[in-house]
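Report on the following structure.
Side-chain atoms are counted along with the backbone in the values below, which use heavy atoms only and exclude waters and symmetry mates. Predicted model only: the values in this text are computed from it and were never measured.
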Number of protein chains: 2
Amino acid sequence: MPLGDNLGDKSDSRYCGVETEFNDDMPHVLSHNINGGFDFVVAPLMEPGYRPSLIDNASKDSSVLPFAGSDLVLSPSQWSSHVVGKISSWIDLDAEDDTLREDSEIALKQELAWASHLSLQACLLPTPKGPSCGNYARCVNQILQNLNNMQLWLRIPLEKSEVDDDDAVNGVTDGMAIEITDSWELWNSFRVLCEHHSQLSVALDVLSSLPSANSLGRWIGEPVKAAILHTDSFLTNARGYPCLSKRHQNLLNSFFYYSIQIVLSGKPVHKLPATSGVNQTDNYAQQAQRHDLRSYLDYVGYLYQKMEPLPEQERFELGYRDFLQSPLQPLMDNLEAQTYETFEKDSVKYIQYQRAVSKALVDRVSDENASATTVVLMVVGAGRGPLVRASLQAAEETGRKLKVYAVEKNPNAVVTLHSLVKLEGWENNVTIISCDMRCWEAPEKADILVSELLGSFGDNELSPECLDGAQRFLKPDGISIPSSYTSFIQPVTTSKLYNDVKLHKDLLHFETAYVVKLHRLSKLSPSQSVFTFTHPNYSPNKSNQRYKKLRFEMPNDTGSTIIHGFAGYFDAILYKDVHLGIEPTTATPNMFSWFPIFFPLRSPIYVKAGAPLEFHIWRCCGNTKVWYEWCVTSPTSSPIHNSNGRSYWVGL
Amino acid sequence: MPLGDNLGDKSDSRYCGVETEFNDDMPHVLSHNINGGFDFVVAPLMEPGYRPSLIDNASKDSSVLPFAGSDLVLSPSQWSSHVVGKISSWIDLDAEDDTLREDSEIALKQELAWASHLSLQACLLPTPKGPSCGNYARCVNQILQNLNNMQLWLRIPLEKSEVDDDDAVNGVTDGMAIEITDSWELWNSFRVLCEHHSQLSVALDVLSSLPSANSLGRWIGEPVKAAILHTDSFLTNARGYPCLSKRHQNLLNSFFYYSIQIVLSGKPVHKLPATSGVNQTDNYAQQAQRHDLRSYLDYVGYLYQKMEPLPEQERFELGYRDFLQSPLQPLMDNLEAQTYETFEKDSVKYIQYQRAVSKALVDRVSDENASATTVVLMVVGAGRGPLVRASLQAAEETGRKLKVYAVEKNPNAVVTLHSLVKLEGWENNVTIISCDMRCWEAPEKADILVSELLGSFGDNELSPECLDGAQRFLKPDGISIPSSYTSFIQPVTTSKLYNDVKLHKDLLHFETAYVVKLHRLSKLSPSQSVFTFTHPNYSPNKSNQRYKKLRFEMPNDTGSTIIHGFAGYFDAILYKDVHLGIEPTTATPNMFSWFPIFFPLRSPIYVKAGAPLEFHIWRCCGNTKVWYEWCVTSPTSSPIHNSNGRSYWVGL
């Protein structure tokens, strides 16, 4: 019985599971818990006392392993929809004791083979017993190489010891190195050994005390599939019922938001008050059946249902979350009608443009000259006309007279443009030019040049090159809207995107920047500005090549992290105080024309707690193309990505 | 004029170069220095005052760049054999100053394009100006992507500041982190950014003071092509002539040994005594021509010529140096006659076997029983008979009576074995069995089982599996020769092998162990024992699976290093104190049957000074094959290599 329908999406976090003890009557385990309100069980498959080495040699070949029931006790769909296999927790593949280590390897392989035979969706692997997990990882990695679709959830406690800031900066206390316990390190080591396998994920054990918010934030970019919430972590409310601390509530909200399933675990520790006003004898049967973790489940359901519903914009974009798209090649390719359609719906964007044009018109022509002066405005890259409309509305709003040239290189868009002008009766005010702005010979010069050529990273769709070409027909004191734009970038953890890029198994995809609605990612440090372009640009030796070196510091309490790449954004000044952008801290609300850009790294880079991250990015210009190169030089160096634009470039 | 013929090989280090100033008369530069005794010049190609930004725009397109002469002033073979281009040393691609940085990029590209046009073999790139070299590396990397065969030698000073041991252990002095200058870090960062490109190498600037021996040792595994020796680094001997300190002499000897060319640099700083007894006026012309660095060159030549000549063994193996060979599959494949021929020539090995058999015979049969007792000895894997011969010689030497069974699975070797027995008249003592030892039904049991089934890593040619199969026909108190063997391993830097493996551009070759005569490598820590097998093995639950976790500590004064993989060896106890092996510190002298084994890493691992290296290796056994898996877990984790033997295995 799902927790609720709150989000309106099909998120996995609607389902709540429960961890159970071993019981060889699996049908009973399942019916008891499903009737008790849970959606699935996390149940041991094998009798916990079993050790391969205790079986005498004679019976080894023929003995039946002590599993919970045969595959026939449940239907295939029950096994796969309602049971997560819990691998025996005594297993310790890095034990010093040879017998225990060898028993562990045999048992792990037997249990996972059985789970796989049952087509379970997932198995929960026990937490590594010590800081060294080489042999455990080797064995799991071997299994992963030949596994069906089953997910392996490595159980990791959500814990990190905190040190105060001064210690962390120096890395020493009284001359001694600090031992920081950080379970993330264990996870990181394990998954690197297993080559970031996409079927290896995390189940977090949520404890009663939580690490800092920055430290928790790291996990969002990791493949966390489940969070195991122990009854010990609950507090008691005034009425004697279980509840959670505010920090735990926030954490659960974030799990719900990121589709992380909750699993309840442990024995009930709250004595519930007798239910008054209900005839207890009448409800005897019902009471007997009531699950003893029901009040915990009800509380989790309550939290789920009281979450803020997703804004419409977010719901609309659900399908795009973490989906990699290749950036547009607007110069080389012509956009399709559908693309124009989508962009034109972004009313917020055109309202900003209209505001910018209005302010420019008022600055350009005083009120007393308004009727005598006609401003020449050129829309370069007019598409199907939204900026023409915004400009004309600005003229109407300010009472200025406007002559518009709409320059567009896509002949298909020009067809629509012509019919728009006719439909709206703009024939006297608008001249349509079917030409590339870089080679058009304008009959007169413009007062205002309006364009919307920006990509997710500002200059990445070659706005600088296009506007440099167009400024020939701008008057010396003319205005460009936008007047400048700046790109921004920040380091992120995003296992999902890394694995999606890796699927292609080639260099090219690791050296390509993608447009993507970022969702399951950890932003590790505030974004920093990268490249700025200003228009018009009359400097004598102007070049659109750029180089920027950035140094990112992670907050001290974050702990160590892994960097899968960099999220990029832009902010544009349209005119004076009118801006437009997607940089998260200053983003224009409710604008949807741009998703962020993502620059991947070929190999994820481990950054030790407190170490700075040094990033370099170049904008390179050739005769026929423009491209970026990027690399990391600290804490360790990466190769330089996309040398000579060998993998990814934008054609001129 | 080469320094000499000492080594008997065609090593590059016979040639000595000289660094010159800019001179636009290149024919003069060349003839002066060649006549002066040098083999090549390292000469600037472009006038040092040239800056691209100083050329006015008008003349930019048509101006002739200030290069030293046209390509016609020397013949193509003179350019390519005798000139190394020296790139302008003012170039600073990581300068804060934009003009200098942009000038640097243009000039670097112009100079390298010119050098490439001249088909020079190499160019010397100036030392990066600061610790950050991101933009320099990006530019060089772009050039490397489209370069002809020319090598780029990055000039790096050979310097590392030393700290005393206690400081290095704690990493702190008075609570402050130590700033250690280590030019290797600069090189490492640069080459990682350039993806370990095989045309990017190092020219070391040898200074008057040298880092510690451990620190110098790191460079041997790096692609050092030249060492630039400044006249300042020379001392003065009793007669007023230049000479070098003992440590510098040792360094030069090591450069000669590893084919690193010497380049002399600087002005003469020794005033030589007037040559007495020579008619100075007669030799006026000769004196005038004498190169002013001639006495330095003569001293370098003297060091070259007085080196110990290479032992015959080493000369024989010159062609195998750093050449990757796939290990044998002796069970699946039959060896060829040529392979038997080579191995049988290794007399040292068979002398050791004869000594071991002799000792075993004497232990087995007392002198008084010698004539009454016949010892049954089985050679398992007899090949063409060398162990049969050694065993019979041991019997003769000790006066014991011997009955030999020679078991061999290769029918081709059995042909030769029969003719050997006939030729030697061994028919009464030797029975030849054409059969795989693992399935032979022996007519009687053996006192002694003799085998030579060891690979470079001991068990890697499946000696354990073969001898386990053969011990069925060994008497309960019987002896196996060898009685045990142990593998050893140590971490190494070896750019050469890494790049050779990388050439294949696939995962398979990075997950294969190679047999290789290791030469250009740095051994970073003493070898440690890995797996031991003892024969016969009567333990009830015997398994030939193994797992070993090793922790290597690098000497504190080494500095940071890069690990390309692990060099492996073995040592075998044939019988009691008679051993045989290739572990470097205990290797059997003059034995040539085994080269070391090399386990590569898919990505080289950077190990910071003082950090321990943790390595794991598994010997895994399946039904049809045996394989190794390996990984590093500290300082950072590598993926687990060769999971399930997917890339490299030995068939049973």
Among the options A/Cys194, A/Cys631, A/Ser132, pick out the one with the most heavy-atom pairs lying under 4.5 Å from chain B. A/Ser132
Under a 4.5 Å heavy-atom cut-off, does chain B meet the side chain of [X], its backbone, both or neither?
{"X": "A/Asn146", "answer": "side chain"}
{"X": "A/Asp98", "answer": "neither"}
{"X": "A/Glu614", "answer": "side chain"}
{"X": "A/Lys549", "answer": "side chain"}
{"X": "A/Gln142", "answer": "both"}
{"X": "A/Cys133", "answer": "neither"}

Quick check: under 4.5 Å, non-hydrogen atoms only, which of residues 636-646 of chain B neighbour chain A? B/Thr636, B/Ser637, B/Ser638, B/Pro639, B/Ile640, B/Ser643, B/Asn644, B/Arg646
Salt bridge check, A/Glu222 against A/Arg191: does any charged N sit closer than 4.0 Å to a carboxylate O? yes
In terms of side-chain geometry, is the basic nitrogen of B/Glu195 or A/Arg602 positioned less than 4.0 Å from the acidic oxygen of its partner? yes
What residues, two or more places apart in sequence or in another chain, satisfy side chain to side chain contact (heavy atoms under 4.5 Å, CB included) together with [X]?
{"X": "B/Thr534", "value": "B/Ser484, B/Thr532"}
{"X": "B/Asn148", "value": "B/Ser116, B/Met150"}
{"X": "B/Thr624", "value": "none"}

Would a distance-only check, ignoring hydrogens and angles, find a side-chain to backbone donor-acceptor pair under 3.5 Å from B/Asn135 to B/Arg138? no
Picking from B/Tyr628, B/Trp618, B/Phe510, B/Trp627, what satisfies ring-ring contact (aromatic ring centres under 6.0 Å, His included) with B/Phe599? B/Tyr628
With no hydrogens and no angle check, do the side chains of B/Tyr606 and B/Glu185 hold a donor and an acceptor under 3.5 Å apart? yes
Would you say the side chains of B/Thr633 and B/His616 form a donor-acceptor pair under 3.5 Å? yes
Would you say the side chain of B/Leu154 lies within less than 4.5 Å of the side chain of B/Leu186, judging by non-hydrogen atoms? no
Is it the backbone or the side chain of B/Arg101 that comes under 4.5 Å from a heavy atom of chain A, or both, or neither? side chain
